[in-house]
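Let me begin by presenting the structure, written as structure tokens, before commenting on it.
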Amino acid sequence: MDANNYTHKDIDNNVHYLQLLARNFPNAAVASTEIINLEAILNLPKGTEHFLADLHGEYEAFQHVLRNASGNIKRKVREIFGETLTQREQKELCTLIYYPEQKLELVRQEIAEDIDDWNFITINRLVMVCRNVSSKYTRSKVRKAMPADFAYILQELLHESTVDPNKQAYVDVIVKTIISTHMADKFIIALCNLVQRLAIDSLHILGDVFDRGPNPDKIMELLCRYHNCDIQWGNHDILWMGAAAGNKSCIANVLRLALRYDNQSVLEDGYGINLLPLATLAIEIYGNDDCAIFMPKENEERNYSSKSMRLAAQMHKAIAIIQFKTEGEIIKRRPDFEMDDRLLLQGIDAARGIITIGGKEYELTDTNFPTIDPADPYRLTPEEQDVIDKLRNSFTHSEKLQKHVNWLFRNGCIFTISNSNLLFHASVPLNEDGTLKEVEIRGKKYSGKDLLNQVGNLMREAYFGCDDPEEHAFALDYIWYLWCGKNSPAFDKDKMATFERYFIKDKEAHKEVKGWYYQLRNDEAVCDRLLDAFGVEGKHRHIINGHVPVRTKMGEQPIRANGKLMVIDGGFSKAYWSETGIAGYTLVFHSRGFQLVQHEPFTSIEEAVKEGKDIKSTTQIVEMSSQRMLVRDTDKGKELRTQIADLKALLHAFHTGLIKEQDSSLSQIRLKQ
């Protein structure tokens with residue numbers, strides 16, 4: 001209902017709904033109080049949103065960015081204490097806020113004799129920071145964010161004025177009592193965690209938590225606990241989701257990438273995946289093969305023996321061959337995927353050391369294919385079949401992996417629209433002229449928003465199942481297609497040249513041609529057309545992507561199409577640092593507008609705590625508004641205005657006697673029940 005234009009007819013048509021609403025708001029006084037509360041919230045500044053993409057397992061850097069709110073906490077400390085504390089003191093306070101447990105342990109060792117004075121001063125400083133970061137929220141929201149054990153004390157400290165001498169004495173007594181009862185450490189930790197939580201109102205992850213870096217499982221654990229987060233699935237996330245659903249090609253790809261980047265530990269230690277059957281197979285088949293081209297990418301943080309590295313290379317080759325075989329089975333089973341050009345094993349001539357692709361011969365880098373039968377190249381040997389079956393069982397029964405994938409489905413989608421921003425990881429398939437490309441799925445054509453919605457539906461069918469076994473089997477195959485299919489919005493290239501990169505010397509064969517979206521997205525008119533097609537409204541609207549690293553050191557810019565497009569893959573993963581020249585971006589959207597924060601490499605938590613080393617970040621103003629954005633200007637504001645309209649209709653029903661008012665206590669009884 002419109003808050004100002006509802007009619008008697010509207011109320012009559014919605015009387016059943018209003019009667020349900022009256023259970024929580026049983027009389028005019030209660031309904032009016034809620035309207036006043038919601039109207040007040042509408043006039044608060046909007047909360048700060050953070051957008052990050054392509055984390056690729058870099059847990060330590062990611063969690064530090066969250067702890068320092070992409071540099072926002074340091075800025076707050078500078079604003080509050082810039083004239084009263086030295087830079088060293090400000091740095092010490094920031095480090096305490098980021099890592100309270102570790103920093104407190106150091107402080108206790110350094111200043112044991114004067115610890116009570118330090119506690120008193122520090123708690124008061126933290127309260128000042130907490131007041132600042134909580135100022136844009138209602139007391140109710142701040143209270144809900146507080147740890148229950150200290151909620152009452154925190155409320156008193158945050159909301160009592162220290163200008164009044166009597167109140168200052170009151171506050172001082174509270175702090176001194178916290179110290180005298182030996183609760184200072186726990187209280188300081190609670191305050192620091194509250195500052196961290198309030199500094200970021202909502203978090204948007206634009207895909208690719210998994211692969212390359214060492215700890216995607218730790219990132220997922222953090223996200224599962226985070227207070228307000230959503231994710232737009234990236235191609236690497238989709239690969240792991242397909243593996244968790246039991247797709248054997250996805251499983252093989254996951255293992256191949258883990259072995260390529262020397263990240264077996266995330267499989268074995270992180271998710272309990274048993275790699276022993278694969279290791280046994282690799283030794284049996286490739287025991288006399290040096291597997292030189294399959295050696296893992298060097299990892300300077302690990303010092304493995306040459307024997308361990310060789311075993312990893314042998315396992316790498318074994319799972320790669322299994323991958324190519326299982327993918328070939330899908331391609332032959334699904335001619336509508338139009339991927340026959342990826343059936344490469346049949347073109348191998350090991351005796352001559354060449355492979356024929358598209359009528360052209362290429363020299364092979366490796367000719368040892370003992371498990372490939374030229375007469376039936378995609379048939380798995382009994383030993384390979386046994387290994388992939390055991391791996392499938394490990395993936396589908398990994399409790400931790402299933403928990404994380406369930407979170408991805410509950411809190412994610414292939415795209416979303418948030419506060420006039422269209423968020424997706426990679427692409428929306430386009431034609432050469434910039435129009436939406438029609439993609440056929442199961443005999444029906446989809447494009448744009450409909451295509452992405454259908455992709456999301458198929459992914460859920462693949463994981464959760466459906467009534468029709470044939471539909472489920474298709475969905476399970478399609479989740480692999482999303483990883484490497486030319487019309488996949490998560491990929492959108494003519495091919496994934498994995499085989500070529502391993503086995504063909506000629507680098508011309510390695511080229512992957514990107515779809516038209518990547519070539520046209522810098523055009524403002526194309527971006528506007530896409531925003532219109534997805535129904536994105538607002539004076540300031542944008543597309544926000546990840547997926548393709550921005551080569552900053554080569555002059556590429558993340559802000560494109562006259563500000564309509566923001567590409568925020570800055571290379572969180574160490575594998576991309578040489579390409580991007582930086583170590584990631586955070587896009588920050590606060591009540592004044594957009595800022596892009598560019599991060600330098602993170603060293604370590606130990607250095608951050610002991611030496612106060614923070615990530616060096618550079619902030620670039622992207623788009624600022626002369627008028628502060630309020631909650632009423634957001635998606636949440638639209639919801640609240642709808643609630644206000646409903647409550648006003650309920651008030652009208654009370655006043656006209658259509659619905660009888662009740663005592664407030666009855667509502668409380670119902671709520672408790």
Side-chain angles (χ1 to χ4, degrees), residues 51-58 61-62 204-213 231-239 253 257 261 414-416 421-430 432 434 437 452 455 482-498 501 507 510-524 526-527 530-531 542-587 596-599 620 622:
F51 302 79
L52 295 102
D54 299 272
L55 306 175
H56 284 302
E58 298 294 344
F62 172 61
H204 306 281
I205 305 297
L206 274 80
D208 280 1
V209 169
F210 290 93
D211 291 331
R212 295 196 170 90
I231 183 168
Q232 291 70 56
W233 307 318
N235 53 319
H236 288 269
D237 306 317
I238 291 170
L239 185 66
N253 270 282
L257 285 166
Y261 288 93
I414 197 75
F415 81 98
T416 196
N421 299 303
L422 174 59
L423 316 179
F424 54 88
H425 174 70
S427 167
V428 175
L430 298 178
E432 185 176 359
K437 184 177 183 179
L452 269 61
V455 164
L482 290 171
W483 163 246
C484 58
K486 64 181 179 180
N487 288 322
S488 162
F491 181 64
D492 196 9
K493 297 179 185 178
D494 69 328
K495 65 182 179 184
M496 184 174 284
T498 305
R501 285 191 292 269
K507 290 190 176 181
H510 302 182
K511 287 185 178 179
E512 299 171 344
V513 180
K514 294 184 177 73
W516 286 106
Y517 172 79
Y518 301 109
Q519 301 177 54
L520 299 173
R521 64 180 180 173
N522 295 343
D523 186 331
E524 184 178 0
V526 171
C527 289
L530 269 173
L531 290 163
H542 314 88
I543 297 171
I544 306 177
N545 287 166
H547 189 57
V548 180
V550 179
R551 294 174 293 182
T552 307
K553 71 176 188 179
M554 296 180 66
E556 289 186 357
Q557 295 297 318
I559 312 303
R560 307 175 185 183
N562 198 24
K564 286 288 173 70
L565 173 70
M566 305 182 194
V567 183
I568 61 169
D569 180 2
F572 253 94
S573 172
K574 291 179 183 178
Y576 289 126
W577 287 358
S578 61
E579 185 176 343
T580 62
I582 60 172
Y585 289 120
T586 303
L587 182 65
L596 189 72
V597 183
Q598 177 178 302
H599 306 298
Q620 171 187 347
V622 177

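Pairing each heavy atom of G571 with each of Y576, the nearest pair is CA-CB, 4.0 Å. Nearest heavy atom pair, residue S573 against residue H56, reads CB-CB, 3.7 Å. When every heavy atom of G563 is checked against every heavy atom of H542, the shortest pair comes out as O-CD2, 3.1 Å. Annotation for M496 and F491: closest pair CE-CE1, 3.5 Å, computed over non-hydrogen atoms. In terms of heavy atoms, K437 sits closest to N487 at NZ-OD1, 2.7 Å. In terms of heavy atoms, D237 sits closest to V209 at OD1-N, 2.8 Å.
Atom OG1 of T580 is separated from atom OH of Y585 by 7.5 Å, given to the nearest 0.5 angstrom. To the nearest 0.5 Å, atom CD of residue Q232 and atom CG of residue L422 are 9.5 Å apart. Rounded to the nearest 0.5 Å, atoms CG (L596) and CD1 (I559) are 5.0 Å apart. The NE2 atom of H236 lies 7.5 Å from the NE2 atom of H547; values are rounded to the nearest 0.5 Å. Atoms CG and CG, on D211 and L239 in that order, are 6.0 Å from each other to the nearest 0.5 Å. Note that CZ of R212 is 9.0 Å distant from CG of D54, once rounded to the nearest 0.5 Å.
Two residues are said to be in side-chain contact when any heavy atoms from C-beta on lie closer than 4.5 Å; F424 and I543 meet this criterion. No side-chain heavy atom of V550 sits under 4.5 Å from any side-chain heavy atom of I582. For the pair V567 and R521, the minimum side-chain heavy-atom distance is below 4.5 Å.
Side chain of K486 to backbone of G515: no donor-acceptor contact under 3.5 angstrom is found.
The side-chain hydrogen bond (donor to acceptor under 3.5 Å, both in side chains) with H425 is formed by just one residue from the set D569, N235, N545; it is N235.
Below 30°, between 30° and 60°, or above 60°: for H204 and F51 the angle between ring planes is below 30°, a parallel geometry.
Every side-chain contact (heavy atoms from CB on, under 4.5 Å) that K514 has, sequence neighbours left out, goes to K493, Y518, V548.
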Checklist entry - E512 and D494: side-chain contact (heavy atoms from CB on, under 4.5 Å), yes or no, with the steps? => result CA-CA 6 Å; E512 299 171 344; D494 69 328; 4.3 Å; yes
Next on the checklist: Determine whether V455 and W233 satisfy the following criterion, side-chain contact (heavy atoms from CB on, under 4.5 Å), listing intermediate values before the conclusion.
Outcome noted: CA-CA 11 Å; V455 164; W233 307 318; over 6 Å; no
